[in-house]
Amino acid sequence: MTFKHNFKKVLSATAFAAALVVAPAANVSAATNDASSTQQSSTATSQDQQASQDQAASQSSAANQSSSTSTSSATSTSTVKKVAKKTKKTSKKKAVKKVAKKTSKKATKKAKKTSKKSTKKTTKAATAAVTASADQSQATDQQDDAAKKAAEAAAKKAAAAKKAAAKKAAAKKAAAKKAAAKKKAAAKKRAAAKKRAAAKKKAAAKKKAAKKSAEKAAKYWIAMRESGGYYTARNGSCYGRYQLLISYLGGDLSKKNQERTADRYVYGRYGSWVNAKRFWLAHNWY
């Protein structure tokens, strides 16, 4: 009973020591994971080796205790001392790892701060570059707009000038056409006037010819009625072709003087031989 009781105590102490060894190792491993992945792997390997050694020691101690009660007591005391020593060593390692964790944390924080500053600086530079690019792009756009507006204004001015020139040419053409039409109308009018004058002249000439012919016919008609056309016919105090008073002839009984004297008498008294013939028809004399 005493042996079994002591063996149980030894087993309990061994298990407790193993738990103390494993627990700090686990805490250290968790802390190391926050600091660095490399330290975590190394710590995990060390913990595994330590746990294996502790388990081997526990198994050896248990075997030795099974052989005798006194040996188990001595072994138990030695194991407790070893566990205490290992626990102290583990605590020291834990402190060292804690310091390493703190140092790593500070380094990480510093690196983050540096990275943040670098990122901020890079972002500021990138923003400045983007702003400069945007300003340059805006300036280029403004220049393009100005060039485009200038080109549009020049094209508009050219179109206006072309339109004005076309309008001027059209006005000139219209004026020339109007002048040509006016000239043509004037020429037509002159031609018409000339034609009317010619017609009038022709009509006058025709009328004159007709009058002359009528005068000649009336004169011939009276001569035939007065003397039968003879220049030597005599009837009392009347003589010649037109039976004029001898006193009218002035002593000149020639044919030429008879014609001239008869015309002077008729045109002076009746205005024409036609009128004289008309009077003769009314009174049988003239």
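Just the heavy atoms: all of them, side chains too, but no hydrogens, waters or symmetry mates, feed the values below.
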Between [X] and [Y], which heavy-atom pair has the shortest distance, and what is it?
{"X": "Gln258", "Y": "Leu253", "value": "NE2-O, 2.9 Å"}
{"X": "Ser227", "Y": "Gly240", "value": "CB-O, 3.4 Å"}
{"X": "Gly229", "Y": "Arg241", "value": "O-NH1, 2.6 Å"}
{"X": "Val266", "Y": "Ala276", "value": "CG1-CB, 3.8 Å"}

Spacing of [atom1] belonging to [X] relative to [atom2] belonging to [Y], to within rounding of 0.5 Å:
{"X": "Lys156", "Y": "Glu152", "atom1": "NZ", "atom2": "CD", "value": "9.5 Å"}
{"X": "Arg225", "Y": "Ile222", "atom1": "CZ", "atom2": "CD1", "value": "10.0 Å"}
{"X": "Leu249", "Y": "Tyr239", "atom1": "CG", "atom2": "OH", "value": "8.5 Å"}
{"X": "Ser254", "Y": "Glu259", "atom1": "OG", "atom2": "CD", "value": "10.0 Å"}
{"X": "Lys189", "Y": "Arg196", "atom1": "NZ", "atom2": "CZ", "value": "8.5 Å"}
{"X": "Gln142", "Y": "Lys149", "atom1": "CD", "atom2": "NZ", "value": "9.5 Å"}

Can you confirm whether Ile246 sits close enough to Ser237 that some side-chain heavy atom of one is under 4.5 Å from a side-chain heavy atom of the other? no
Can you tell me if Gln243 uses its side chain to pair, donor with acceptor, with the backbone of Ala233 under 3.5 Å?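 The answer is yes, because a donor-acceptor pair under 3.5 Å joins these two groups.
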For Arg269, which residues count as a side-chain hydrogen bond (donor to acceptor under 3.5 Å, both in side chains) partner, sequence neighbours excluded? Tyr265
Could you go step by step and tell me if Val274 and Lys211 meet the side-chain contact (heavy atoms from CB on, under 4.5 Å) rule? CA-CA 9 Å; Val274 173; Lys211 185 178 180 181; over 6 Å; no
Sequence-distant partners of Asn275, side-chain contact (heavy atoms from CB on, under 4.5 Å), two or more places apart: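 Partners of Asn275 by the side-chain contact (heavy atoms from CB on, under 4.5 Å) criterion, ordered by chain and then number, come out as Tyr270, Ser272, Arg278.
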Of all pairs that satisfy ring-ring contact (aromatic ring centres under 6.0 Å, His included), the ones with a partner from residues 203-232, not counting sequence neighbours: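 Qualifying pairs, neighbours excluded: Trp221-Trp280.
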Exactly one candidate in Tyr248, Tyr286, Trp273, Trp285 meets ring pair (Phe, Tyr, Trp, His ring centres under 6.0 Å) with Tyr242; the answer is Trp273
